[in-house]
Amino acid sequence: MSLENVELVRRGYKALNRRDVGQFLSYFAPDSEVDFSESIGPFSNVYRGHAELKTFWESFFEAWDEVHWEIDELIDLGADRVLTATHLIARGQSSGIPTTNYRAVIWKIRDGRIRRVKFFPNTQDALRAAGLRE
């Protein structure tokens, strides 16, 4: 397992849980991409570069009064890829309604920087996209 890549992803989630967008983005390459296109809702899109990612994450945090990611699984996929299965625990800013959302994410890392992040509805879809089976 690439301990450096795994640790980078862990640090990323810690920064998100602190709502520290600046720290989180410091782990990304300037030309990085976050693919949130399989999501349902207002944030469904592909975001490229630090400026778009900053706007995305700041808007995301504005929607939630409380938000916290828990890592359920962290899997080294080789070829500079890490898969995380997570659940997000959040409470809506205006509604006050609590929610839990499960996601799988593939992180592509090269030269110590996050290059691409792709969100999937579940671990099975992520493993299939990575050319693997559960």
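Heavy atoms only: backbone and side chains are in, while hydrogens, waters and symmetry mates are out. Predicted model only: the values in this text are computed from it and were never measured.
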Original post:
Relative to each other, are the rings of Phe24 and Phe28 parallel, tilted or perpendicular (30° and 60° limits)?
Top reply: perpendicular

**OP:** Please test Ser59 against Glu62 for side chain to side chain donor-acceptor pair (under 3.5 Å), starting from the C-alpha separation and ending with a verdict.
**Re:** CA-CA 5 Å; Ser59 297; Glu62 285 176 10; 5.0 Å; no

Original post:
With no hydrogens and no angle check, is any side-chain donor or acceptor of Ser95 less than 3.5 Å from a backbone partner on Ile97?
Top reply: yes

Original post:
Can Tyr102 be reached from Leu88 by stepping across I, L, V, M, F, W or Y side chains whose heavy atoms are under 4.5 Å apart?
Top reply: no

**OP:** Consider only side-chain N and O atoms of Glu66 and His68, and report whether a donor and an acceptor are under 3.5 Å apart.
**Re:** no

Original post:
Any ion pair linking Asp80 and Arg110 (charged N to carboxylate O, less than 4.0 Å)?
Top reply: no

Original post:
What about the rings of Tyr13 and Trp107, do their centers lie closer together than 6.0 Å?
Top reply: yes

**OP:** Step by step, work out the side chain to side chain donor-acceptor pair (under 3.5 Å) result for Asp72 and His87.
**Re:** CA-CA 7 Å; Asp72 300 320; His87 65 278; 2.9 Å; yes

Subject >> Pro121 versus Glu38, closest heavy-atom pair with distance >> reply: CD-OE1, 3.5 Å

Subject >> Lys NZ or Arg CZ of Lys118 over Phe120 ring: under 6.0 Å, within 45° >> reply: yes

Original post:
Which residues satisfy the salt bridge (Lys or Arg N to Asp or Glu O under 4.0 Å) test with Lys14, sequence neighbours excluded?
Top reply: none

Original post:
For the residue pair Leu53 and Ser32, what are the closest heavy atoms and their distance?
Top reply: CD1-OG, 3.4 Å

**OP:** Grab the two heavy atoms, one from Leu16 and one from Phe61, that are nearest each other, plus how far apart they are.
**Re:** O-CZ, 3.4 Å

**OP:** Please collect all side chain to side chain donor-acceptor pair (under 3.5 Å) contacts where either partner lies in residues 41-53, sequence neighbours excluded, each pair once.
**Re:** Glu33-Arg48

